[in-house]
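Hydrogens, waters and symmetry mates play no part in the numbers below; they use all other heavy atoms, side chains included. These figures come from a predicted structure and were not determined experimentally.
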Amino acid sequence: MSKPYAEVIGDPIAQSKSPLIHGFWLGELDIAADYRAQHVTSDELADYLANRREDPDWRGCNVTMPHKQDILPLLDEIEGDALAIGAINTVYRGPNGELIGTNTDARGFLEPLKEELAGEHLFRMARILGTGGAARAIITALARHGFTLVVAGRNPDKARALLDELAPDGEHHAVHLDHFAEPTDFAFDDREGCLDLVINASPLGMRGQPELAFDWSHAPPRSIAYDIVTDPLDTKFLANAKAASFRTIDGLAMLIGQAAAAFEMFFGAPPPREHDDELRALLEA
């Protein structure tokens with residue numbers, strides 16, 4: 001007998017941890033449904049959606065690279081932050097069968113920063129390394145929370161264009177990624193009362209990718225290092241941050257947070273977040 005299912009699509013897709021996350025939650029809640037990984041190339045994307053529209057068991061999909069922007073014109077409706085971000089990471093069925101695209105990346109990214117964001121600060125600054133789909137969500141989210149942004153990419157013109165599109169207000173800056181690679185002797189103040197983030201929003205440091213060249217002399221005192229890479233979990237970027245005595249946040253924080261929002265859209269129930277420690281242990285094994 002068939003049963004409801006959702007899935008994650010991308011190219012490549014074998015590395016995705018989403019089936020383990022959603023499968024764990026389905027098991028904890030004793031929901032009779034599946035969550036799968038489906039390899040979909042760019043040429044196959046339109047046919048994939050057309051086929052899934054006709055499948056009554058399909059509840060939706062998470063969307064990974066390289067489809068987060070290409071999928072936009074193939075959907076019936078775009079909601080929430082996805083319209084502002086200009087990228088989709090979740091598709092689910094509406095009440096009349098329509099395909100609705102949304103983006104839970106911003107929500108997932110902000111989740112481990114809730115305590116800090118609830119406080120008052122004299123100044124908030126984020127150095128965002130990367131200009132891809134995840135960076136779009138992070139730029140949008142942090143601009144709304146009053147951060148001055150420095151976006152670094154291999155193409156500074158692309159970084160500038162992202163800022164002009166997603167965060168047109170404020171004195172934000174675009175620089176080349178190499179700007180942060182070499183040591184600096186800049187004398188920061190102690191940043192008392194400020195909130196500083198240094199975020200790897202790129203695939204650099206991921207297994208099979210070059211390392212991200214970032215010298216931690218560019219980070220103000222009390223900065224928080226945040227890496228969205230999940231494989232490996234303890235990246236060189238984070239290891240170097242820890243060695244320099246900075247607080248760190250790993251990629252599982254964002255991954256679990258964004259998955260939680262999608263899970264409820266797919267299966268109609270909030271995931272059992274009281275089991276996060278157990279879930280993290282499975283993901284880290």
Any non-hydrogen side-chain atom of [X] less than 4.5 Å from a side-chain atom of [Y]?
X: Phe246; Y: Pro221; value: no
X: Leu129; Y: Phe214; value: yes
X: Phe266; Y: Glu7; value: no
X: Leu45; Y: Asp70; value: yes
X: Asn62; Y: Ile9; value: no
X: Gln258; Y: Asp105; value: yes
X: His67; Y: Ser42; value: yes
X: His121; Y: Cys194; value: no

Shared ILVMFWY cluster between [X] and [Y], side chains joined below 4.5 angstrom?
X: Val63; Y: Met265; answer: no
X: Ile13; Y: Leu283; answer: yes
X: Leu204; Y: Val229; answer: no
X: Ile85; Y: Leu75; answer: no
X: Ile71; Y: Met65; answer: no

Reported [atom1]-to-[atom2] distance for the pair [X] and [Y], which is rounded to 0.5 angstrom:
X: Asp157; Y: Thr131; atom1: CG; atom2: OG1; value: 11.0 Å
X: Arg52; Y: Asp57; atom1: CZ; atom2: CG; value: 11.0 Å
X: His179; Y: His173; atom1: NE2; atom2: NE2; value: 10.5 Å
X: Leu282; Y: Asp277; atom1: CG; atom2: CG; value: 11.5 Å
X: Leu26; Y: Asp34; atom1: CG; atom2: CG; value: 7.5 Å
X: Glu79; Y: Ile100; atom1: CD; atom2: CD1; value: 5.5 Å

Is it the case that the side chain of [X] and the backbone of [Y] share a donor-acceptor pair, with hydrogens and angles ignored and the cut-off at 3.5 Å?
X: Thr140; Y: Arg136; value: yes
X: Asn103; Y: Ala87; value: yes
X: Ser223; Y: Pro220; value: yes
X: His22; Y: Tyr35; value: no
X: Glu264; Y: Ala261; value: no
X: Arg127; Y: Met125; value: no
X: Arg191; Y: Asp196; value: no

Original post:
What's the verdict on side-chain contact (heavy atoms from CB on, under 4.5 Å) for Lys68 and Asn89, showing C-alpha distance, side-chain angles and the deciding distance?
Top reply: CA-CA 6 Å; Lys68 288 190 173 188; Asn89 83 328; 4.1 Å; yes

Original post:
Between Trp216 and Phe237, is the gap from one ring center to the other below 6.0 Å?
Top reply: yes

Original post:
Do the rings of Phe263 and Phe267 sit parallel, tilted or perpendicular, given the 30° and 60° boundaries?
Top reply: tilted

Subject >> Plane angle bin for Phe188 and Phe186 - parallel if under 30°, tilted between 30 and 60°, otherwise perpendicular >> reply: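 Plane angle over 60°, so perpendicular.
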
**OP:** Determine, stepwise, if the pair Asp76 / Arg53 fulfils salt bridge (Lys or Arg N to Asp or Glu O under 4.0 Å).
**Re:** CA-CA 11 Å; Asp76 301 314; Arg53 281 180 185 273; 3.0 Å; yes

Considering non-hydrogen atoms only, spot the tightest contact between [X] and [Y] and give its length.
X: Pro272; Y: Trp25; value: CD-CD1, 3.4 Å
X: Leu238; Y: Ala225; value: CD2-O, 3.9 Å
X: Asp250; Y: Leu252; value: OD1-N, 3.0 Å
X: Arg59; Y: Pro4; value: NH2-CG, 3.6 Å
X: His39; Y: Pro12; value: CD2-CA, 4.3 Å
X: Gly205; Y: Pro232; value: O-CD, 3.5 Å

Subject >> Under 4.5 Å side-chain linkage, directly or through intermediates, the cluster mates of Ile128 >> reply: Phe109, Leu110, Leu113, Leu117, Ile138, Ile139, Leu142, Phe147, Leu149, Val151, Leu162, Leu163, Leu166, Leu195, Leu197, Ile199, Ile224, Tyr226, Ile228, Ile249, Met254

salt_bridge([X], [Y]) N-O dist < 4.0 Å:
X: Lys17; Y: Asp231; result: no
X: Arg280; Y: Asp276; result: no
X: Asp55; Y: Arg93; result: no
X: Arg247; Y: Glu116; result: yes
X: Glu111; Y: Arg273; result: yes
X: Arg144; Y: Asp81; result: yes

**OP:** Could you verify whether a donor N or O on one side chain and an acceptor N or O on the other, from Tyr92 and Glu98, lie under 3.5 Å apart?
**Re:**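 Short answer, no.
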
Subject >> Neighbour count above 12 (heavy atom, 6.0 Å) for Glu182 CD >> reply: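 No, CD of Glu182 has 12 or fewer neighbouring heavy atoms, counting only those of other groups under 6.0 Å.
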
Subject >> CD/Glu115: more than 12 non-hydrogen atoms of other groups inside 6.0 Å >> reply: no

Subject >> Worked check of side chain to side chain donor-acceptor pair (under 3.5 Å) between Asp215 and Ser217 >> reply: CA-CA 5 Å; Asp215 192 281; Ser217 61; 2.5 Å; yes

Original post:
So Asp227 and Thr235, side chain to side chain donor-acceptor pair (under 3.5 Å) or not? Walk me through it.
Top reply: CA-CA 8 Å; Asp227 197 338; Thr235 60; 2.7 Å; yes

